[in-house]
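Naming convention: chains lettered A, B, ... in sequence-line order (proteins, then strands); numbering from 1 in each chain. It should be emphasised that the depicted structure is a prediction, and the values quoted were computed from it without experimental measurement.
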Amino acid sequence: MYNFKKVESEWHKIWQLAKTNKTLNPKNDEKKLYILEMFPYPSGKLHMGHIRNYTIGDVLARFKKAKGYKILHPMGWDSFGMPAENAAIKHGIHPKTWTNNNVQAMREALQTMGFTYDWDYEVATHSEEYYSLEQQIFLDLYENKLVYRKDAYVNWDPVENTVLANEQVIDGCGWRSGVPIVKKKIPHWCIKITKYAEELLKNLEDLKGKDEVPGWPEKVLTMQEMWIGKSSGLEISFDFQEKIEDFAENGITVFTTRPETLFGASFCAIAPEHKFSTFLAQKNQKISDFIKKCQEIPSTECAISTTEKIGFDTGIFVKNPFNKEQSIKVYIANFVLMEYGVGAVFGCPAHDERDFEFATRYNLSIKSVIKPESNSSQVDVLPYIETVGIMINSSFLDGLSVLEAREKAIQTAEQQNLGVRKTIYRLRDWTVSRQRYWGCPIPMIHCKNCGIVPVPKKDLPVLLPEDVTFDQPGNPLDRHEKWKHVTCPKCGKPAQRETDTLDTFFESSWYFLRFCNPHSVKPIDKLAAQRWMPVDLYIGGIEHAVLHLLYARFFSMALRDMGYTEHIEYSKVNDREPFRSLLTQGMVCHTSFQDSKGNWLFPDDVEKLPDGSYILSKTKEKVTAVRAEKMSKSKNNVVDPETTIEAYGVDSLRLFIMSDSPYDKDFQWSTESLDGTWRYLNKMWRFCENIQEKMNFSEKDLIILPKKEIGEKEAELLKIAHTYLSKITNALNQFSFHTAIAFHRELTKALENYDFSQVIKDAAAEAIYIWLVTIFPFTPHFALEAFEILFKPKEIHIDFLWPEIREDIIQKESTTIAVQVCGKLRGTFSAPIGADDAFLHEQSLALPAVQKFINGKQIKKVIIIKDKLVNVIAD
RNA sequence: GCCUGCUUGGUGGAAUAGGUAGACACAACAGACUUAAAAUCUGUCGAUUUUAAUCGUGCUGGUUCAAGUCCAGUAGCAGGUACCA
C-alpha cells in the first residue's frame with residue numbers, strides 16, 4: 001500500500017531545504033503570472049472551503065510553473081477583526097496572542113497541504129508593519145479629500161455594538177450577527193468611493209473575458225453593476241403655491257427617471273428625514289409624531305414588504321412645473337428614502353405601481369398620459385408601467401413616443417430653468433469606522449481648538465496599546481486613558497485620539513499590492529508592483545462579489561491617482577484594474593440529516609439501509625436526509641480536513657476535491673467517492689512498482705527530444721501518451737480540473753494494458769514521464785516520489801517540466817465515420833483521415849445496417865461531413 | 001416583483017465549432033481469486049419491449065439533412081437584489 005505519511009513528510013522536508021517555493025523574478029523574455037487566493041481570516045483551523053480554494057490555486061501554480069512561467073504565489077492573513085476580540089471576551093486571551101497562535105497553526109496546516117506558497121512573502125494585516133503603512137495610506141486619502149467625517153444615520157448592530165457598512169447589512173440584518181439593524185446617528189469616517197462610481201461601472205466592460213483571458217464571471221459583473229446602480233433622469237423643482245415663511249427654499253426639488261410623466265403628476269412625497277419635514281415637525285406635533293412612527297419601522301426585508309405605504313398630508317401645495325395651473329399636495333411618506341436621490345419624489349399613479357397604490361389609498365387623481373398603442377381605443381389597465389406607447393394629455397409632449405418625450409421633457413426643463421439633467425448612483429460612500437479594539441487605529445486627533453487634526457506622518461505609527469481589558473462592553477481604546485489623551489500636534493493643547501479603528505475590508509483592499517514586495521519600507525514597492533501586477537488569477541468565494549472586490553478596485557484607482565502606483569503598466573486591457581481574471585469556486589456541501597423533531601444529526605451517527613432510507617444507528621429511529629448543504633457547524637455536517645488527511649493523506653484530499661465537479665459549482669462531499677480517489681492513488685502506486693520492476697529505468701532513459709526514428713511500437717505508445725498530454729493540457733488551460741483527472745484515469749488504464757516489453761526504453765520513459773507530470777499538479781508528493789523510484793536520479797528531482805506536445809505523433813491516420821439514415825445513427829466504419837466524399841459515400845451505402853434502412857427507398861440526398869459523418873436521406 | 005444562472009441515468013458529472021448522448025467516477029448487481037474477509041481483477045448498469053427496434057438531455061413548439069447545444073414560449077430549482085423615484 002502507498003505509504004502517504006512517510007512520502008508526504010519526506011517531501012515537505014526536501015521542499016523546505018531546497019526552497020522550492022522561492023519567488024523568482026521573471027527575466028526579460030520570461031512570462032510572469034501572479035496567482036492569488038483570497039487570504040483567510042486566521043480562525044485557527046482550515047476548513048474544506050479553504051482546502052478547495054487553495055488547491056485550485058496550487059494546481060494552477062504548479063501547472064504554470066512547469067510550463068515555464070515565473071510565479072508569484074503568496075499567502076497571508078486577514079488577521080484583524082472581531083473573532084479575536086470575541087475570544088478575548090470569552091476566554092480572557094489577548095487578541096494578539098490568540099491571532100498569532102492561530103496564524104501559526106494555520107500556516108502549518110497549509111504547509112502540510114503541500115501548497116507552493118513562498119513564506120518569505122507572508123503578510124499579516126495585524127502586524128505593526130502592515131497597519132502602520134496603512135495609516136500612511138489613510139492620511140493620504142484624507143489629504144486627497146477621499147476621507148471625510150459625517151454625522152449621519154448609520155446601520156447600528158445592537159449585538160456587535162458597531163456600525164456596519166451598507167454592504168454588511170443583508171436583508172436588513174447584520175451580516176455576522178443576523179439581528180435587525182437599527183438606525184442611529186453618530187459621527188463616523190467615510191470614504192468617498194462614490195467619486196469613482198462612474199469608473200467602477202465603466203471598467204466592468206473591460207473585465208469581461210476576452211480571447212485567452214477568462215476575465216470575471218458574468219454574474220459578478222452584473223452584481224457589481226446593480227450595486228453601483230446608475231440611473232439618469234431629471235432633477236426638477238416644484239415651487240410652493242404660496243411662499244412658506246421661515247423656510248429658506250421656495251419649492252421641493254425631486255428626482256425622477258420618468259420626466260415624461262410629469263403631466264400625470266398627482267402628488268409629491270418627501271422623506272420623513274427631509275429638511276422640509278423637519279421644518280414642519282417643529283411647528284406641528286402631529287407631523288413630529290408621524291415622523292417618529294416612520295423611523296420606528298425596522299428596515300428588514302419582511303418589515304418593508306408588509307409595511308403599508310402611508311403618508312401624512314401636510315396641507316401644503318406645490319405647482320406642477322410643466323403646468324403651473326395644477327396644484328399638487330405634498331405628503332410626508334414612509335416609503336421615500338432620504339439616502340437615495342434628493343429624498344423627494346413626485347407621484348404619477350397612472351404609470352407607477354407604488355404611486356398607484358398610494359393614490360388609491362388617499363383618493364388622489366389618476367391621470368393617464370401614455371397610450372399603450374397609438375391606434376388602440378380600449379380602456380387601458382392602470383397602472384401601465386411599460387415605456388412603449390404614445391404620449392397623451394401632455395401638452396407639448398403629445399404624440400411623441402415615451403422615450404422621445406423623456407428627452408424633450410428634460411430639454412424643456414433645462415431651457416426654462418426648471419430643472420437639470422442628472423445621473424445618480426445607488427452606491428453610497430463607505431463607512432469605515434468601527435468601535436472596536438482589534439483593528440487599525442485611525443490616525444486622527446480631535447482637538448477642542450483645532451477640530452480634526454490628522455496625526456503628522458512623522459508621528460506614525462499609531463500603535464495599538466497592548467494593555468487593554470475586555471471586561472466591560474464597548475471599545476477598550478475609548479477607556480484607555482494613557483493612550484487616548486495626547487497633545488494636539490497643531491496647538492499643543494490637550495486633545496484626544498480617534499478611538500475608532502478601520503473596517504477590516506480596508507486591509508484587504510491593498511494586500512495584493514503589498515504582496516509584490518512585502519518587505520518594502522513603503523506601503524507599495526512600485527517596481528515590484530510593476531513586475532507582478534495585475535493579479536492574473538484571483539481565486540476565491542462568490543460571497544465577495546460586491547464587498548471586497550469593489551473596495552479593492554476602488555483602492556487600486558485611488559492609490560494610482562495618489563501616486564502610489566503611477567508607473568504600473570497593469571495590463572493592456574485596462575491598467576487600473578487589479579484582478580485580470582477572477583475564479584469563484586463553489587461551496588463544499590455534504591448531506592445533512594434531520595430527525596423527526598428537526599434536529600441536525602451527525603452523519604457518523606446515521607446508517608443507510610439497503611432500501612436507501614436512513615436510520616439513527618443507536619435508536620434505529622428513521623431520519624430524513626436533507627439535500628446536500630454547505631458544510632456548517634449548525635448543520636452538523638462538517639468534515640474536518642485534518643481527519644481526512646490523517647486517514648487518506650494530503651494527495652488524496654487534493655485530488656478528490658478537484659475531481660467530480662467543475663471548480664465553480666458546488667462540490668458534494670462523499671466518503672465513498674473519497675475512497676475511490678484513494679483507490680486510484682494506490683492503483684497508480686502499484687503501476688509504478690510494476691513498471692519499475694519491468695523496465696528498471698535510469699535517469700539516462702529520459703531524453704525528451706524528438707527522436708530520429710521512432711519504431712511502430714514506440715509510435716503507438718507515444719501516441720497514447722501525447723494524445724492524453726494534449727487533452728489534459730487543454731483541460732487545465734480551461735480550468736476543467738475534473739475532466740483533466742478523468743483523462744488521466746483513462747491514460748493510466750491505457751498504459752496498464754500496454755505491453756512495455758515491446759518498446760525501447762527511452763520511448764517508454766517518455767510515456768511514463770508524461771503520465772507523472774500530468775498528475776503532478778494534483779498529487780505532487782506522489783508524483784515526485786514515483787519519479788525517484790522509477791528513474792533513480794543522482795540529484796533529487798524537484799521540478800517537472802511540462803513537455804511539448806508532439807503534434808506529429810498524435811495526428812490520426814484514420815477515424816470513425818458515423819453513418820446516419822434520415823438523421824438516425826445506423827452504423828459506423830473506419831476511414832482514413834481525409835478520405836474523399838466519393839469513398840465515404842460508397843462505404844456508407846455498403847454497410848448492411850444502412851442497406852436495411854434504405855431498402856426499397858429512393859436516396860434523395862447524401863450529406864457528407866468530412867472525417868466525421870455521412871447522413872443518407874432516403875424516402 | 002426584477003436580474004442572473006441552472007435543469008442530462010440511482011448519484012456527481014462528460015459531450016471543441018449544431019454531427020455517434022451518458023466519457024470518467026460513485027453506488028448497485030453478477031462473477032473470478034480467497035478457508036474467509038479485505039484488497040484486487042472481470043462483466044452488467046437510461047427506459048420499454050425477449051435477439052431487433054422504439055423512445056430518451058424539465059415541458060411545448062420552431063429552425064435544420066441533423067438540436068443536450070440555436071430560437072420562441074413555459075415550468076421548476078438556485079443565487080443576487082429592491083419601498084431606488
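- The side chain to side chain donor-acceptor pair (under 3.5 Å) test applied to A:Thr723 returns no partner, not counting sequence neighbours.
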Going 5' to 3' through nucleotides 11-17 of chain B and flagging B where a protein heavy-atom sits under 4.0 Å of the base, S where only the sugar-phosphate is that close, and - otherwise, we get -BSS---

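- Partners of A:Lys852 according to the salt bridge (charged side-chain N to carboxylate O under 4.0 Å, His left out) rule, which considers only residues two or more places apart in sequence or in another chain, do not exist here.
- With 3.5 Å as the limit, one finds no donor-acceptor pair spanning the side chains of A:Thr677 and A:Tyr648.
- A:Lys329 is linked by a salt bridge (charged side-chain N to carboxylate O under 4.0 Å, His left out) to A:Asp313, counting only residues two or more places apart in sequence or in another chain.
- In this structure, the side chain to side chain donor-acceptor pair (under 3.5 Å) partners of A:Ser231, at least two apart in sequence or on a different chain, are A:Tyr340.
- Paired runs in RNA chain B that reach 3 or more consecutive Watson-Crick or G-U pairs, where each pair keeps both distances under 3.5 Å, cover B:1-7 with B:75-81, B:10-12 with B:24-26, B:28-32 with B:40-44, B:46-48 with B:53-55, B:58-62 with B:70-74.
- Relative to the ring axis of A:Tyr724, A:Lys727 places its NZ or CZ within 45° and under 6.0 Å from the centre.
- Using a 4.0 Å heavy-atom cutoff across all strands shown, A:Val862 reaches no nucleic acid atom at all.
- Residue A:Phe829 is classed as having no contact, given no heavy-atom separation below 4.0 Å to the nucleic acid.
- Taking the side chain of A:Lys309 as heavy atoms from C-beta on, and the options B:rC83, B:rA85, B:rC24, the nearest nucleotide is B:rC83.
- A:Glu353 comes within 4.0 angstrom of nothing in the nucleic acid, heavy atoms only.
- Nucleic acid contact class of A:Gly676 (heavy atoms, under 4.0 Å, all strands): sugar-phosphate only.
- Residue A:Lys727 is classed as having no contact, given no heavy-atom separation below 4.0 Å to the nucleic acid.
- In this structure, A:Arg745 reaches the sugar-phosphate backbone alone: every heavy-atom distance under 4.0 Å involves primed, P, OP1 or OP2 atoms, never a base.
- Glycosidic torsion of B:rG58 falls outside 90° of 0, placing the base in anti.
- Counting non-hydrogen atoms under 4.0 angstrom, A:Ile865 reaches a base of the nucleic acid.
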